[in-house]
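Heavy-atom basis, side chains included; hydrogens, waters and symmetry copies ignored. Being a predicted model, the structure only gives us computed values, none of them experimental.
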Amino acid sequence: DAGGTILFEASDVTLHDISSAHPSVSFTHNGERQTITADFIAGCDGSHGVSRPSIPGGVLTEYSREYPYAWLGILAQVPPSTEELIYAYHERGFALHSMRSPEISRYYLQVPPDEDLETWSEDRIWSELQARMETRDGWTLQSGPILEKTIATMRSYVADPMQHGRLFLAGDAAHIVPPTGAKGLNLAVNDARLLANALAAFLIKDNEQHLDSYSRDCLRRVWRVQHFSWWMTSMLHRSHGDAYQHQLQLAELEYVTKSTSASTMLAENYVGIDWV
C-alpha cells in the first residue's frame, strides 16, 4: 500500500555494519547480487535465519530448554469435529484437535522426539487420535484423507537482548515457545507492534526512547509467555514411567477445570494479557 517492494526467494543473505548508522543487507535475487543500505534492519527471519548469528559473540545471553517429546501433526481433509479446540490428556499421551477451515482440520499426537514417521499409517493415526479423544458421552472424532503429516520437536528459547546496534530481532529469530500454548505468532505480532511504534517515534519525532527500550519492552511479555507455554506443556504431556508427575498433572488439571480463579488465569494468558 505504501509503494514498497517485497522480494521473494532471496538467497545468500548477509548483514553488514549493524553497529553503524547505516547497516546494509546483501543478497542474491534472480541471479543478481544486490545490497540495500538502510537506517535499521528488522531481523524477522526465523530461528534458522542469519539475523541472530550476525550479532557478535558475547553480546547475547541465550536461554533454552529441550522437551522429551514431540508432536506428530497431520492436516486432514475433514470438517472439524467440533467448533472448540480440544486439548486431551490421556494415559497414552497428549492429543490436540484444532481447525484450519470449514473443510480442513489439524490434529496432533504426542510422540517421542526420535519417532519414525513412516511407522504411522493413516489407520494408525486415526485409531490413536480416536483413543486419546474418546469421551464418556459418546462424542467421536471424524476422520478423512490425510493431506500432510510431520513430526516437530519441542523447545523453548530466548535471546537477550533482542537488539544490537541498528539490528532489531523479532519473532522466532529472538524466541521460541512450544506450541502447546499457541503463543508463537502472538509474540511475533507484539514484537512487530513495539518495533513499528519505536521506529515511528524515532523517524517522526526523533525520539530514541522506545528504540532503546525495545528489547526490555518485548522481553517482559516474552518471559510471561515462556512461563505459560512451559506450564501448559508440562501439565498436558504424559511423562511415561513417572507416577508422581502423573498425579501432579491430574491434580493440576482438576484445579484448572474446577476453579474459577485457575480457569480465569489460563484464559487470561491464552488470550493475552494487556498489562504486559
Q. Taking it one step at a time, do Gln245 and Ser239 satisfy side chain to side chain contact (heavy atoms under 4.5 Å, CB included)?
A. CA-CA 7 Å; Gln245 177 67 17; Ser239 298; 4.1 Å; yes

Q | ring-ring contact (aromatic ring centres under 6.0 Å, His included) partners for His240, two or more places apart | A | none

Q: Using the test ring-ring contact (aromatic ring centres under 6.0 Å, His included), find all partners of His97 that sit at least two apart in sequence or belong to another chain.
A: Tyr107

Q) In Å and rounded to the nearest 0.5 Å, what is the OG to CG distance from Ser213 to Leu219? A) 11.0 Å

Q: Output the distance between atom CG (Leu169) and atom CG (Asp191), rounded to the nearest 0.5 Å.
A: 9.0 Å

Per-pair distances, 0.1 Å, donor-acceptor, side chain in residues 38-45, under 3.5 Å, sequence neighbours excluded:
| residue | atom | partner | partner atom | Å |
| --- | --- | --- | --- | --- |
| Asp45 | OD1 | Ser51 | OG | 3.0 |
| Asp45 | OD2 | Val50 | N | 2.8 |
| Asp45 | OD2 | Ser51 | N | 3.0 |
| Asp45 | OD2 | Ser51 | OG | 3.0 |

Q: Indicate yes or no for a side-chain donor-acceptor contact from Ser121 to the backbone of Arg124 under 3.5 Å, with no hydrogens or angles considered.
A: yes

Q | ILVMFWY cluster, Leu187 and Met232 together (side-chain gap under 4.5 Å) | A | no

Ignoring hydrogens and angles, write down the donor-acceptor pairs under 3.5 Å from the side chains of residues 109-116, residues two or more places apart or on other chains.
| residue | atom | partner | partner atom | Å |
| --- | --- | --- | --- | --- |
| Gln110 | OE1 | Phe94 | N | 2.9 |
| Gln110 | OE1 | Arg238 | N | 3.1 |
| Gln110 | NE2 | Arg238 | O | 2.9 |
| Glu115 | OE2 | Trp120 | NE1 | 2.8 |
| Asp116 | OD1 | Glu118 | N | 3.0 |

Q: Mind telling me whether Trp71 and His237 have parallel, tilted or perpendicular rings, with 30° and 60° as the class edges?
A: parallel

Q) Does any N or O in the side chain of Gln142 come within less than 3.5 Å of the main-chain N or O of Pro80, such that one atom is a donor and the other an acceptor? A) no

Per-pair distances, 0.1 Å, donor-acceptor, side chain in residues 60-69, under 3.5 Å, sequence neighbours excluded:
| residue | atom | partner | partner atom | Å |
| --- | --- | --- | --- | --- |
| Glu62 | OE2 | Tyr157 | OH | 2.3 |
| Tyr67 | OH | Ser156 | OG | 2.7 |

Return all side-chain donor-acceptor pairs below 3.5 angstrom for residues 200-209, not counting sequence neighbours, or 'none' if the list is empty.
| residue | atom | partner | partner atom | Å |
| --- | --- | --- | --- | --- |
| Asn207 | OD1 | Gln209 | N | 2.9 |

Q. Do any N or O atoms from the side chain of Ser259 and from the backbone of Ala262 form a donor-acceptor pair under 3.5 angstrom?
A. yes

Q) Should Leu96 and Tyr89 be regarded as members of a common hydrophobic cluster, given that ILVMFWY residues are connected when their side-chain heavy atoms come within less than 4.5 Å of each other, either directly or indirectly? A) yes

Q) In Å and rounded to the nearest 0.5 Å, what is the OG1 to CE distance from Thr260 to Met265? A) 12.5 Å

Q: For Thr180 and Thr233, test the side chains for any donor-to-acceptor distance below 3.5 angstrom and give the result as yes or no.
A: yes

Q) Hey, is the main chain of Leu129 close enough, under 3.5 Å, to the side chain of Glu134 for a donor-acceptor pair? A) no

Q: Could you pull out all residues at least two apart from His227 that satisfy side chain to side chain donor-acceptor pair (under 3.5 Å)?
A: Arg224

**Q.** Any donor-acceptor N/O pair, Ser234 side chain to Trp230 backbone, under 3.5 Å
**A.** yes

Q: Might you point out which heavy atoms bring Ile74 and Arg106 nearest each other, and give the distance in Å?
A: O-CD, 3.1 Å

**Q.** Beyond-backbone contact of Met99 with Thr82, side-chain heavy atoms, under 4.5 angstrom
**A.** no

Q | side chain to side chain donor-acceptor pair (under 3.5 Å) partners for Asp137, two or more places apart | A | Thr135

Distance-only check: which donor-acceptor pairs under 3.5 Å involve side-chain atoms of residues 6-19, not counting sequence neighbours?
| residue | atom | partner | partner atom | Å |
| --- | --- | --- | --- | --- |
| His16 | NE2 | Ser26 | OG | 2.7 |
| Ser19 | OG | His164 | NE2 | 3.3 |

Q: Output, in order, the C-alpha distance, side-chain angles, deciding distance and verdict of side chain to side chain contact (heavy atoms under 4.5 Å, CB included) for Trp139 and Ile86.
A: CA-CA 12 Å; Trp139 180 86; Ile86 298 175; 3.7 Å; yes

**Q.** Partner of Gln226 under side-chain contact (heavy atoms from CB on, under 4.5 Å), chosen from His175, Arg221, Lys183
**A.** His175

Q: Please check if Val59 and Leu167 belong to a single hydrophobic cluster, counting links between Ile, Leu, Val, Met, Phe, Trp and Tyr side chain heavy atoms closer than 4.5 Å.
A: yes

Q. Could you state the interatomic distance from OG1 (Thr264) to CG (Leu266), rounded to the nearest 0.5 Å?
A. 9.5 Å

Q: For Ser20 and Arg166, work out which heavy atoms get closest and say how close.
A: O-CG, 3.1 Å

Q | Rounded distance [0.5 Å steps], CG in Leu195 versus CD in Gln163 | A | 9.0 Å

(Q) Regarding Arg132 and Glu128, does a basic nitrogen lie under 4.0 Å from an acidic carboxylate oxygen? (A) yes

Q. More than 12 foreign heavy atoms under 6.0 Å from CD of Glu148: is that the case here?
A. yes

Q.
Which residues pass the side chain to side chain donor-acceptor pair (under 3.5 Å) test with Arg220, not counting sequence neighbours?
A. none

Q.
Under 4.5 Å between side-chain heavy atoms, counting indirect links through other Ile/Leu/Val/Met/Phe/Trp/Tyr residues: same cluster for Tyr270 and Trp231 or not?
A. yes

Q) Are Leu253 and Phe228 grouped together when hydrophobic residues (ILVMFWY) are joined by side-chain heavy atoms under 4.5 angstrom apart? A) yes

Q) Tell me, which pairs form a salt bridge (Lys or Arg N to Asp or Glu O under 4.0 Å) where one or both residues lie in residues 245-270, sequence neighbours left out? A) Glu254-Lys258

Q: Using a cut-off of 6.0 Å, state whether more than 12 heavy atoms not belonging to Arg92 lie near its atom CZ.
A: no

Q: Given side chain to side chain contact (heavy atoms under 4.5 Å, CB included), test Asn30 with Glu32 step by step and report yes or no.
A: CA-CA 6 Å; Asn30 290 336; Glu32 296 185 5; 5.6 Å; no

Q: Using atom types as modelled and distance alone, determine if a side-chain donor or acceptor of Arg52 lies under 3.5 Å from a backbone N or O of Ala173.
A: yes

Q) Would you say the side-chain atoms of Ser215 pair up with the backbone N or O of Met162, donor to acceptor, closer than 3.5 Å? A) yes

**Q.** Side-chain donor or acceptor of Lys149 paired with backbone N/O of Leu72 under 3.5 Å
**A.** no

Q) Going through the checks in order, is the side chain to side chain contact (heavy atoms under 4.5 Å, CB included) test met by Ile104 and Gln77? A) CA-CA 5 Å; Ile104 303 294; Gln77 190 171 346; 4.1 Å; yes

Q | Residues which pass ring-ring contact (aromatic ring centres under 6.0 Å, His included) with Phe27, listed by chain and number, not counting sequence neighbours | A | none

Q. To the nearest 0.5 Å, what is the distance between OH (Tyr255) and OG (Ser261)?
A. 6.0 Å

Q) Taking Trp126 for the side chain and Gly144 for the main chain, is one N or O donor matched with an acceptor at less than 3.5 Å? A) yes

